[in-house]
Amino acid sequence: MLGIVRQKVLGQSLQKVRPGVSLLRSYSSAAKQMTVREALNSALDEEMSADPKVFLMGEEVGEYQGAYKISKGLLEKYGPERVLDTPITEAGFTGIGVGAAYYGLKPVVEFMTFNFSMQAIDHIINSAAKSNYMSAGQISVPIVFRGPNGAAAGVGAQHSQCYAAWYASCPGLKVLTPYNSEDARGLLKAAIRDPDPVIFLENELLYGESFPVSDEVLDSSFCLPIGKAKIEREGKDVTISAFSKMVGHALKAAEILEKDGIDAEVINLRSIRPLDRSTINTSVRKTNRLITVEEGFPQHGVGAEICASVVEESFGYLDAPVERVAGADVPMPYAANLERMAVPQVEDIVRAAKRACYRSVPLAAAA
């Protein structure tokens, strides 16, 4: 609560002095650098400390302190009753977690990779997501399913799929996709406190990345709202929406585009379900152009849903066709050179934005 009060007071005081500065508050007042791994670990630690109903379970989360060291130090602090090492049986321990949530506990279930959640998808969808509706509100399922999602590096097709669109298509679930350390802390806290099942999609390649965090973010009461996107970079010429690791690619693309006189607005979606359609459409009505970016497959993807929303609500504002930048429509290759071609790169976003702004060179003219 103290963090929320600080936010309101600081925001009001800054607006009196210089309008608009409060939008940059979280970075301008950065006190330190924090890795995404540290952000997730601290969020788990604080929520477990604040609520004895919260517990962590999954493969190697205890003695080994997590495959990616997200749960480092938690077994020693909270003991084996609240940090549970499980066998390699996703269907089994996910079902146990859902059952525990039925009885009022707050499990955080870690998948070593979300590709393995396919073994447990019956419990996630049928047992967790649908229970509140089918019980007429009598059964609440406060559970978080978290772990790395999407492409890592050199791990092949069975370990490199993005499940954002899969889970976002199911009513009853909330799907969160953090990008930086602020997202990781604020969204994981929100997920654990939420009464509904939450899919929390992290990115393995971001765990070791450091980002600036403010004193507000480090406050134990800090929490981000579910369903609210963040404009990471304001612009007037083209809107670029992205989530997870692709936000970083979009920001780099925006820097390159700026040198060519294109002012790109970058939206960090943060939440895939619920989707912040209002922020997206407001941005498109300002820039009149839209590029969506995601690692997942293009067909039936998150970008497809965003494009449909914009066409339905803001078609009259579009000055160019919407563009989707997505992963290749193939299982992820193992070879490094082919893997790079299968995942969106910064230059792909730059080319799409230039096409939308009619700044690309036609093939005929180039020939």
Side-chain angles (χ1 to χ4, degrees), residues 35-37 67-69 111-118 147-166 177-180 201-211 232 238 240-260 262 264 266 268-269 272 291-304 306-307 321-357 359-367:
T35 66
V36 171
R37 176 181 290 108
Y68 303 98
K69 298 298 177 280
F111 295 118
M112 196 175 291
T113 161
F114 251 91
N115 295 268
F116 300 159
S117 74
M118 292 181 71
N149 170 73
V155 292
Q158 300 97 326
H159 301 77
S160 298
Q161 192 165 326
C162 176
Y163 288 89
W166 281 50
T177 54
Y179 161 57
N180 55 24
L201 303 176
E202 302 156 12
N203 186 285
E204 178 183 337
L205 299 179
L206 287 176
Y207 283 145
E209 291 286 324
S210 293
F211 295 91
E232 294 283 352
V238 59
I240 305 175
S241 71
F243 61 92
S244 190
K245 190 174 186 292
M246 291 296 105
V247 176
H249 280 26
L251 290 170
K252 290 177 183 177
E255 292 177 3
I256 296 171
L257 290 166
E258 185 177 27
K259 297 175 183 177
D260 290 329
I262 297 174
V266 177
N268 174 6
L269 295 175
I272 306 301
I291 312 296
T292 69
V293 187
E294 62 186 308
E295 279 190 2
F297 302 132
Q299 185 162 322
H300 310 302
V302 175
I306 292 172
C307 290
V322 295
E323 291 257 2
R324 288 187 292 155
V325 178
D329 200 20
V330 298
M332 181 63 68
Y334 176 74
N337 59 329
L338 297 178
E339 182 183 64
R340 188 180 190 279
M341 293 173 65
V343 177
Q345 303 298 324
V346 173
E347 53 266 31
D348 298 322
I349 304 172
V350 171
R351 283 194 293 266
K354 286 185 176 181
R355 284 194 299 269
C357 295
R359 296 284 293 276
S360 61
V361 179
L363 292 177

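Atoms considered below: every heavy atom in the structure, side chains included; atoms not considered: hydrogens, waters and symmetry mates.
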### Message
For Gln345, give me all partners under side chain to side chain contact (heavy atoms under 4.5 Å, CB included), at least two apart in sequence or on another chain.
### Response
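Testing Gln345 for side chain to side chain contact (heavy atoms under 4.5 Å, CB included), a comparison that skips the adjacent residues, returns His249, Arg340, Val343, Glu347, Asp348.
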[atom2] on [Y] to [atom1] on [X], rounded to 0.5 Å:
X	Y	atom1	atom2	result
Ser210	Asn180	OG	CG	11.5 Å
Ile291	Arg324	CD1	CZ	12.0 Å
Thr113	Tyr163	OG1	OH	7.5 Å
Gln161	Phe114	CD	CZ	12.5 Å
His300	Trp166	NE2	CH2	12.0 Å

### Task
Using side-chain contact (heavy atoms from CB on, under 4.5 Å) as the criterion, point out the one residue from Ile306, Leu201, Val302 that pairs with Ile272.
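Considering Ile306, Leu201, Val302, a side-chain contact (heavy atoms from CB on, under 4.5 Å) with Ile272 is found only for Val302.
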### Message
Taking atom NZ as the centre, does Lys69 end up with more than 12 heavy-atom neighbours from other residues, nucleotides or ligands that are less than 6.0 angstrom away?
### Response
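Above 12, so yes.
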For [X] versus [Y], what's the shortest heavy-atom pair and its separation?
X	Y	value
Ala254	Ala264	CB-CB, 4.0 Å
Met112	Ala67	CG-CB, 3.8 Å
Gly208	Thr35	O-CG2, 3.8 Å
Ala157	Asn115	O-OD1, 4.3 Å
Leu269	Ser241	CD2-CB, 4.2 Å
Pro333	Ala342	CD-CB, 3.7 Å

### Query
Per the salt bridge (Lys or Arg N to Asp or Glu O under 4.0 Å) rule, which among Arg351, Lys354, Arg359 passes with Asp260?
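It is Lys354; the other options fail the test.
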### CA sep, side-chain torsions, deciding dist, call: Glu202, Val36, side-chain contact (heavy atoms from CB on, under 4.5 Å)
CA-CA 9 Å; Glu202 302 156 12; Val36 171; over 6 Å; no
### Message
Tell me every residue that passes side chain to side chain donor-acceptor pair (under 3.5 Å) with Glu209, counting only those two or more places apart in sequence or in another chain.
### Response
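Side chain to side chain donor-acceptor pair (under 3.5 Å) list for Glu209, sorted by chain: empty.
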### Message
I'd like to know if Glu295 pairs up with Lys245 as an ion pair, taking the criterion as any Lys NZ or Arg NE/NH1/NH2 lying under 4.0 Å from an Asp or Glu carboxylate oxygen.
### Response
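Result for this pair is no, no salt bridge flagged.
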### Query
Between Tyr207 and Tyr68, does the ring centroid distance fall short of 6.0 Å?
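Yes, the ring centres sit under 6.0 Å apart.
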### Message
I'd like to check Tyr179 versus Met246 (side-chain heavy atoms, cut-off strictly below 4.5 Å). Are they in contact?
### Response
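No, too far: nothing below the 4.5 Å cut-off.
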### Query
With a 4.5 Å limit on heavy-atom distance, are the side chains of Thr292 and Val322 in contact?
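In short, these two side chains do not touch, never coming nearer than 4.5 Å.
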### Task
Check whether any side-chain N or O of Glu294 sits under 3.5 Å from a backbone N or O of Gly303 as a donor-acceptor pair, and report yes or no.
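At least one qualifying donor-acceptor pair exists.
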